[in-house]
Amino acid sequence: MKKHWYDYLWIFSAVYLLLGFFNILFAWLGLLCFFIPLIISICGGGKAYCNRYCGRGQLFELLGGKFGLSRQKDIPAWMRSKAFRYGFLSFFLIMFINMLWNTWLVASGASNLREIVTLLWTFKLPWHWAYHGTLFAPWVAQFSFGFYSVMLTSTVLGIVTMVLFKPRSWCVYCPMGTMTQMICKAKAGNLEKAK
Ligand code: SF4
């Protein structure tokens, strides 16, 4: 099958994760993976991001499929349930708001910059080697540490799910996937009403 440029976006995802080990400020690039899927679905592109442009999904496919790192088992039914998917999305958003709050505390001078990456919302890993000081205010770096924590945590969860189940099992409960699905459903509902 003919390959397209977007079939190689997994390289972007892999390089993104690596860059976070050298300069944490590259974490800002991850916002692309937040806004692009939402913009595509809001503009009527449906799940095109998931189906075509998501480098992370491709990376799991590659590691679990081509490299054989997945057990290729079915994901349990409870993980597919609405309760789990929406529950995980809510938890994820609460933690995201908490990350923004921590950024605000540094921006307002109420807290000092913390050069740590928090894995799985629990484990605080020293990450000072990836911050070299910048012209920007400390909150810019605080956001980077927080956002990179989100990206690394979701990658780790995705890898564990990939190994235990099928390569793209993370996609079943990925918050971005759930949000774009909600947007598609809302748009389809509006279209129905308009008929
Ligand atoms: S569900 Fe998430 S990880 Fe999977 S393809 Fe969509 S955005 Fe990417």
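Note that ligands are numbered from 1 as they come in the structure, with each ligand's atoms numbered from 1 the same way. Just so it is clear, the structure is predicted and the values come from calculations on it, not from any experiment. Any value given below was found using the heavy atoms of this structure, including those in side chains, with hydrogens, waters and symmetry copies removed. In this chain, residues are counted from 1 in sequence order.
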### Query
So, for W28 and F143, is the gap between ring centers shorter than 6.0 Å?
yes
### Task
Please state whether K47 comes within less than 4.0 angstrom of ligand 1, counting heavy atoms only.
no
### Task
Quick one: sort the F92 and F96 rings into parallel, tilted or perpendicular, breaks at 30° and 60°.
parallel
### Message
Just checking F26 against Y148, ring centres under 6.0 Å apart?
### Response
no
### Task
Assess R85 against Y173: is NZ or CZ under 6.0 Å from the centre of the six-membered ring, and within 45 degrees of the ring's axis?
no
### Summary
min-distance protein heavy atom vs atom 6 (Fe) of ligand 1 -> C50 SG, 2.3 Å
### Task
Answer yes or no for C171: is there an N/O/S atom below the 2.8 Å cut-off from atom 6 (Fe) of ligand 1?
no
### Query
Is the number of heavy atoms from other residues, nucleotides or ligands under 6.0 Å of W129 CH2 greater than 12?
yes
### Query
Tell me: protein heavy atom nearest atom 5 (S) of ligand 1, and distance?
R168 NH2, 3.2 Å
### Task
With the side chain counted from C-beta on, respond yes when S154 and R56 share a heavy-atom pair under 4.5 Å apart, and no when they do not.
yes
### Query
Among protein heavy atoms, which sits nearest to atom 2 (Fe) of ligand 1, and what does the distance come to when rounded to 0.1 Å?
C174 SG, 2.4 Å
### Query
Nearest protein heavy atom to atom 8 (Fe) of ligand 1, by residue and atom, and its distance?
C54 SG, 2.3 Å
### Query
Taking only heavy atoms of W170, which atoms of ligand 1 are found under 4.0 Å from at least one of them?
3 (S)
### Query
Which part of F60 is near ligand 1, with near meaning a heavy atom under 4.0 Å away: side chain, backbone, both or neither?
neither
